[in-house]
Structure formats: structure tokens, C-alpha cells
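Taking it in order: structure first as C-alpha cells, then the write-up.
What's counted below: heavy atoms across the whole structure, side chains too, no hydrogens, waters or symmetry copies. Order of the sequence lines fixes the chain letters, A, B, ..., with proteins taken first and strands second; residue numbering starts at 1 for each chain.
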Amino acid sequence: MRLATWNVNSIRARVERTVAFAVREHIDVLAMQEIKCTPEQFPYAEFEEAGYFVSAHGFNQWNGVAIASREPITDVEHAFPGMPGFAKGHNGPDAPQEARAIGATIGGVKVWSLYVPNGRSLNDPHYFYKLDWLSALADYTRSTLEANPDLPMALVGDYNIAPTDEDNGDPTVVVGATTHVSPPEREAFAALEQAGLKDVVRPLVPTGFTYWDYKQLRFPRNEGMRIDFILGSHRLADNVTGAQIHRNERKGEIPSDHVPVVVDLDLTGPDDDDRPMVF
DNA sequence: ATGTCACGTACAACGTGA
């Protein structure tokens with residue numbers, strides 16, 4: 001299975017380019033973030049003509065997540081258990097949820113497409129929402145993998161965190177001054193690893209950014225950030241055979257500000273026992 | 001110079017979010 005994640009920054013603005021990439025790179029499962037539309041507005045036809053099923057989740061022009069897959073998508077969820085919501089100046093389990101997570105089972109793999117809240121600034125309610133959201137995601141991960149330690153599970157998407165100093169090349173993003181690099185955010189990311197997940201791209205692609213701001217010639221200057229990740233349970237991580245960050249997708253006509261991150265999984269190995277694997 | 005985008009509202013230019 002070839003699995004990809006991509007913050008597309010509006011699927012309606014970029015459907016042609018998105019599908020072309022998926023076809024050209026033989027992507028089996030594409031997790032998208034920031035589709036910026038409702039399911040009713042999603043351009044399904046272009047995906048279906050290319051042989052993909054799609055499950056989309058969105059409430060309005062903000063956020064929105066989706067999964068496209070060559071194999072059927074089952075057991076779709078529109079939030080992970082305990083996912084907090086957000087409204088102006090108000091976050092927590094009683095606030096309305098946003099469209100930032102879609103989960104499904106595909107070919108025996110539990111896949112989550114995640115769009116972690118941005119945080120906006122270090123004293124903004126959105127920042128505390130971001131930390132709460134990540135804490136709840138770690139709780140979900142821990143309890144899921146305690147109940148089923150051998151579950152092949154991928155939590156992929158735009159985490160809006162640069163885990164190391166080398167993951168930030170944007171001179172306006174500074175520890176102590178902005179989001180994405182603050183110690184609490186980095187601790188929240190590390191907690192996901194402590195809950196049983198591994199960054200399955202980093203060992204194969206140790207350097208490189210996944211996002212460059214549109215402003216101030218960030219891409220030509222290569223002043224980007226590494227904030228899009230594919231995190232996997234041990235069962236997933238043990239079966240990765242390749243990984244790529246498709247930097248060239250930041251070039252050309254109307255690019256997203258993010259590029260696709262891809263992993264190849266061989267889930268038909270000797271320790272696969274009796275689990276049905278489609279790919 | 002938040003020197004760029006995308007979307008909604010409303011039909012021009014601004015507000016919102018990133």
C-alpha cells in the first residue's frame with residue numbers, strides 16, 4: 001500500500017493537480033487536509049474517474065478533511081473519541097467540534113487524516129485548544145493501542161508543529177515568540193510517540209520541509225517547515241519500505257503551500273498471520 | 001509591506017483564517 005498525506009489548501013481550487021499527482025505516483029490511499037468545503041461541494045467526479053473512492057468531512061469553508069482510496073473505505077468516523085471542540089474564546093468537550101479528523105479502515109489499516117489546530121499565537125485560546133486537541137489524540141492513541149497492540153494504524157496529516165529546530169527554516173518562526181515550535185507543542189508531539197507512534201518518514205527522509213508560506217519568497221529561499229507527518233503504530237512502522245517528500249509539488253501553477261508526504265507499506269510480510277490485507 | 005492565498009458576502013472590497 002502506498003499511503004500519502006497532503007494539505008491541499010482547498011480541494012476545489014486544486015482538484016486537477018491533486019488527482020494528477022495521485023495517479024502519477026500510484027497512490028493507493030490519499031489523506032487530505034484543508035479541503036475547505038462541505039461533502040456536498042467536494043469534486044468527487046474527478047477522483048472517481050481516476051478510480052478512487054472518497055469519504056469527505058467538512059462543515060463550511062474552514063478546515064475539512066478527506067480520504068481517497070483505490071480500495072473501499074469502511075468504518076468512517078468524523079472525530080476521534082474525546083476530540084475537543086472550539087468556539088470563539090471557548091474550547092473543550094462541550095464546544096462544537098470542527099472538521100479536523102476523519103478516520104476509516106482501508107485494507108485492514110486504520111487511517112486517520114488529521115488537521116491539527118494552528119494555535120494562532122501563544123496566548124490565544126486557539127493555542128490552548130491545539131494543546132488540548134493533541135492531548136486527546138494521545139489519549140485516543142494510547143487506549144486504542146493498549147486494546148489492540150498489533151493494529152496497523154496511521155495518524156497522518158498537518159500537525160502544525162516543527163518537532164526540532166532543524167524542522168524550521170522560517171526566520172519569522174522563533175521559539176518563545178510563535179506557535180509551531182514552542183516547548184509545549186513539541187512535548188505534545190513527543191507524547192504521541194510515547195503513546196506508541198513512530199514518525200515513519202524521518203528514518204528514510206531525515207531532512208526536508210513539507211510547507212512553505214506563500215509570503216516573502218519562502219519557497220525560493222527554502223525557508224519552510226517540516227510540519228506534515230505520517231505517524232504509525234509499531235505494526236505499521238515495522239513494514240515501511242519507502243518514503244518520499246514531494247517537494248516539486250510546491251512548484252508550478254497554483255500550488256498548495258504544503259507538499260505530499262508518502263510511504264510505501266508492505267503489509268503482507270511473514271508476521272502478517274491471518275489478517276486480511278488487500279494491498 | 002502579513003509584498004500570499006482561498007473563501008464568503010455580495011457584486012467591490014473587505015473580513016477571516018492560515
Side-chain angles (χ1 to χ4, degrees), chain A residues 5-19 21 31-43 46 56-66 84-91 95-101 113-134 156-163 167-174 176-182 185 188-189 209-229 247-261:
Chain A
T5 183
W6 198 357
N7 179 324
V8 295
N9 186 15
S10 171
I11 192 58
R12 288 178 291 173
R14 266 175 270 289
V15 61
E16 187 179 348
R17 183 172 184 142
T18 304
V19 172
F21 168 80
M32 290 166 272
Q33 300 86 38
E34 280 207 273
I35 64 170
K36 291 187 169 176
C37 67
T38 64
E40 292 72 27
Q41 296 170 312
F42 193 96
E46 288 87 343
H57 176 45
F59 293 120
N60 49 40
Q61 72 270 41
W62 307 122
N63 315 308
V65 283
F86 184 78
K88 282 179 182 171
H90 169 63
N91 68 306
Q97 288 181 333
E98 299 182 302
R100 294 182 177 276
S113 178
L114 304 171
Y115 179 44
V116 176
N118 174 285
R120 298 179 185 166
S121 65
L122 295 177
N123 57 1
D124 195 292
H126 209 259
Y127 177 73
F128 301 101
Y129 168 48
K130 180 180 193 174
L131 296 178
D132 289 347
W133 202 94
L134 288 161
V156 312
D158 177 359
Y159 281 82
N160 270 319
I161 298 170
D167 296 331
N168 175 39
D170 186 327
T172 66
V173 177
V174 178
T178 61
T179 62
H180 293 60
V181 292
S182 73
E185 289 167 284
F189 189 84
F209 301 135
T210 65
Y211 158 87
W212 297 259
D213 197 303
Y214 288 121
K215 294 178 281 193
Q216 300 282 36
L217 299 173
R218 290 284 179 250
F219 184 62
R221 296 171 186 265
N222 196 29
E223 295 173 339
M225 304 181 81
R226 186 173 180 132
I227 56 176
D228 299 271
F229 299 100
R247 187 179 191 281
N248 283 346
E249 284 300 322
R250 187 63 177 75
K251 303 176 181 175
E253 297 292 315
I254 56 163
S256 170
D257 43 0
H258 295 251
V259 295
V261 180

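Each of A:S10 and A:N160 was matched to the nucleotide of DNA chain B holding its nearest heavy atom; the match closer to the 5' end belongs to A:S10.
For the 3.5 Å distance criterion, the side chains of A:N7 and A:E34 qualify, holding a donor opposite an acceptor. No side-chain donor from either of A:W212 and A:D170 sits under 3.5 Å from a side-chain acceptor of the other.
For A:R17 and A:E249, the salt-bridge test passes: some basic side-chain N is under 4.0 Å from an acidic carboxylate O.
Residue contacts for A:R250: at a heavy-atom cut-off of 4.0 Å it reaches no nucleic acid atom on any strand shown. Across all strands shown, A:R12 has heavy atoms under 4.0 Å from sugar-phosphate atoms exclusively, and none from any base.
Computed from coordinates, the A:N7 CG to B:dA6 P distance equals 12 Å when rounded to whole Å. Atom CZ of A:R17 and atom P of B:dA6 are 11 Å apart (whole Å). Distance CH2 (A:W62) to P (B:dC7): 10 Å, rounded to an integer number of Å. Atom OH of A:Y127 and atom P of B:dG17 are 20 Å apart (whole Å). Rounded to whole angstrom, the span from the CZ atom of A:R120 across to the P atom of B:dA18 amounts to 4 Å. When rounded to the nearest whole Å, the span between CD of A:E98 and P of B:dG17 equals 10 Å. Protein atom CG of A:N60 is 13 Å distant from nucleotide atom P of B:dC7, rounded to whole Å. Between the CD1 atom of A:I11 and the C1' atom of B:dC7 there is a distance of 15 Å, rounded to whole Å.
Taken to the nearest 0.5 Å, the OG1 atom of A:T210 stands 11.0 Å off from the CZ atom of A:R250. Between the NE2 atom of A:H57 and the OG1 atom of A:T38 there is a distance of 11.5 Å, given to the nearest 0.5 Å. With rounding to the nearest 0.5 angstrom, the CD atom of A:Q33 is 3.5 Å from the OG1 atom of A:T5.
Ring geometry for A:F229 against A:F189 counts as tilted: the plane angle lies between 30° and 60°, on a 0 to 90° scale.
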Distances for protein N or O near nucleotides 2-5 of chain B N or O, under 3.5 Å:
residue, atom, partner, partner atom, Å
B:dT2, O2, A:K215, NZ, 2.9
B:dT4, O4', A:Y214, O, 3.4

Quick test: give all pairs of protein nitrogen or oxygen and nucleotides 12-14 of chain B nitrogen or oxygen below 3.5 Å, distance rounded to 0.1 Å.
none

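One N or O on the side chain of A:R12 and one on the backbone of A:K36 form a donor-acceptor pair closer than 3.5 Å. Using a distance-only test at 3.5 Å, with no hydrogens or angles considered, a donor-acceptor pair links the side chain of A:E185 to the main chain of A:H180. A:K130 places no side-chain N or O within 3.5 Å of a backbone atom of A:T179 that could act as its donor or acceptor partner.
To the nearest whole angstrom, the two P atoms, one in B:dT16 and one in B:dA1, are 23 Å apart. Separation of the P atoms belonging to B:dA12 and B:dG17 is 26 Å when rounded to the nearest angstrom. Here, B:dG15 and B:dA10 have their P atoms 14 Å apart, quoted to the whole Å.
Residue A:R100 places its side chain closer to B:dA18 than to any other of B:dA18, B:dG8, B:dC7. Here the nucleotide nearest the side chain of A:Y115, chosen from B:dT16, B:dG8, B:dA18, is B:dA18.
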